[in-house]
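Inspection log for the structure reproduced underneath, given as structure tokens.
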Amino acid sequence: SNDRRLYHRPVRIRAFAPGTHLGYKKADGDSLMNEKIAVVEDEPDLLRLTAEALGREGFKVATFPDATSFLRSLDKTLPDLILLDLMLPDADGLDVCRAIRGHDARRSIPIIIMTAKGTETDRVLGLELGADDYVVKPVAFMELAARIRAVLRRGKADATYQNISLGNGEFTMDPERFEARLSGKPVELTTTEFKLLHLLASKPGRVFTRDQILDRLWGHDKIVLDRTVDVHIKNLREKLGPAARFLKNVRGVGYKIDH
């Protein structure tokens, strides 16, 4: 079938009626089983192999050969995570990432960039635009699945977190609603930015080293760039406006929230 809304496992393909939202029943055991992964990649063989490998890991996979078909699909169904190639035939993957982060209903969807462009500049730029992780081709599929699970886990712990209030209510965070507000107005944070800021704000005055932050957010699955934390902190400072004064850099040690 040419229907790009198909979420499938290898061999067996299951189609869904157009316009429906996909509500999957979770498999017993791993709470991440059957999560919907959108793979946007223009190389047919890699697209097929990635879908088959992730299907074997228990994910539902939708494949898209270009940005146009993928972005159109988001009007019908939102995936749980996007695996996005940077070099697409009809758009720059970074522009696709930027567009998703600028859309109210889509900005919290985790994005992992997958590309042959492996320079540190490319990686940092992807993270600055809101990507949650970055993998360089060729990538081992077991490693890719581990990264996907790590990113998905970071997005699932919000309900157990406490609400945050800084500056007598000037800046607030509500994990159950995944909302951050500055002077009552919404602040657009990615999943990783939200989790990082909440970690710091939940222990005001405590200094977290970069390694501690990486361990808390990525856990045993962390396979990340050394500058990841610094990039996300930079993004947070830009988004927090006047509330950025609460976010302190302890030189040579790490970061803390001080209010």
Side-chain angles (χ1 to χ4, degrees), residues 78 80-82 94 97-112 123-134 150-219 222 224-259:
L78 296 181
D80 295 299
L81 182 141
I82 300 163
L94 292 176
C97 184
R98 186 183 292 109
I100 292 169
R101 291 297 179 237
H103 191 286
D104 287 343
R106 303 169 185 173
R107 64 170 53 100
S108 63
I109 302 174
I111 298 174
I112 297 179
R123 298 188 192 199
V124 170
L125 181 56
L127 293 170
E128 286 181 340
L129 289 176
D132 295 274
D133 201 355
Y134 194 119
V151 172
L152 288 172
R153 286 192 186 102
R154 296 205 300 272
K156 285 185 171 294
D158 296 330
T160 62
Y161 286 171
Q162 66 196 52
N163 288 354
I164 296 295
S165 178
L166 303 176
N168 295 318
E170 176 186 358
F171 180 79
T172 60
M173 300 182 74
D174 184 340
E176 289 193 6
R177 292 184 172 86
F178 201 82
E179 288 181 349
R181 292 183 175 272
L182 177 63
S183 300
K185 297 181 179 179
V187 178
E188 301 171 5
L189 301 180
T190 68
T191 301
T192 301
E193 290 166 356
F194 191 97
K195 305 287 279 187
L196 172 54
L197 184 57
H198 193 281
L199 171 65
L200 298 177
S202 65
K203 302 287 184 181
R206 174 179 170 178
V207 179
F208 287 85
T209 67
R210 288 171 179 80
D211 282 343
Q212 287 173 332
I213 292 171
L214 292 174
D215 283 336
R216 294 293 187 93
L217 296 186
W218 278 267
K222 77 174 180 190
V224 294
L225 191 67
D226 289 340
R227 292 183 58 190
T228 295
V229 173
D230 296 333
V231 169
H232 288 306
I233 291 289
K234 174 179 176 289
N235 290 344
L236 281 170
R237 286 203 170 106
E238 293 175 354
K239 293 181 177 183
L240 292 179
R245 69 184 187 276
F246 299 122
L247 185 52
K248 305 292 187 181
N249 177 18
V250 180
R251 188 176 296 276
V253 182
Y255 297 97
K256 68 175 181 176
I257 289 290
D258 197 1
H259 69 101

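Only this structure's heavy atoms are used, side chains among them; waters, hydrogens and symmetry mates stay out.
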Study note, to complete from the structure: Between E193 and H232 the two heavy atoms that sit nearest each other are CG-ND1, 4.1 Å
Check your understanding: Do R101 and D132 meet the salt-bridge criterion of a basic N to acidic O distance under 4.0 Å?
Key -> yes
Review point. How far does CG of L166 sit from CD1 of I257, to the nearest 0.5 angstrom?
Key: 6.0 Å
Review point. Looking only at heavy atoms, what is the nearest atom pair of N163 and P175, with distance?
Key: OD1-CD, 3.2 Å
Check your understanding: In Å, rounded to the nearest 0.5 Å, how long is the span from NZ of K256 to CG of L247?
Key -> 11.0 Å
Review point. What pair of heavy atoms forms the shortest contact from A243 to F171, and how long is it?
Key: CB-CB, 4.1 Å
Review point. For F194 and M173, which heavy atoms make the closest approach, and how far apart are they?
Key: O-CE, 3.5 Å
Review point. Are the side chain of R245 and the backbone N or O of P242 linked by a donor-acceptor pair below 3.5 Å?
Key: yes
Point to revise | Beyond-backbone contact of T172 with I164, side-chain heavy atoms, under 4.5 angstrom | key: no
Exercise for review: Of all the heavy-atom pairs spanning C97 and A131, show the shortest one and how long it is.
Suggested key: SG-N, 4.0 Å
Point to revise | Spacing of CG belonging to L197 relative to CZ belonging to F246, to within rounding of 0.5 Å | key: 11.0 Å
Revision key, fill the gap. Nearest heavy-atom contact between F178 and L189 is CE2-O, 4.0 Å
Point to revise | For R251, side chain to side chain contact (heavy atoms under 4.5 Å, CB included) partners two or more places apart | key: none
Review point. Atom CG of L200 and atom CD1 of I213: how far apart are they, to the nearest 0.5 Å?
Key: 5.0 Å
Exercise for review: Flag the pair K239 / L182 as yes when at least one side-chain heavy-atom distance between them is below 4.5 Å, and no otherwise.
Suggested key: no
Revision key, fill the gap. d(I82 CD1, I111 CD1) to nearest 0.5 Å is 4.5 Å
Check your understanding: So, the side chain of S202 versus the backbone of L199: is there a donor-acceptor pair under 3.5 Å, distance only?
Key -> yes
Check your understanding: Thinking salt bridges, do D174 and R181 make one under a 4.0 Å N-O criterion?
Key -> no
Review point. How far does CG of L240 sit from CD of E238, to the nearest 0.5 angstrom?
Key: 10.0 Å
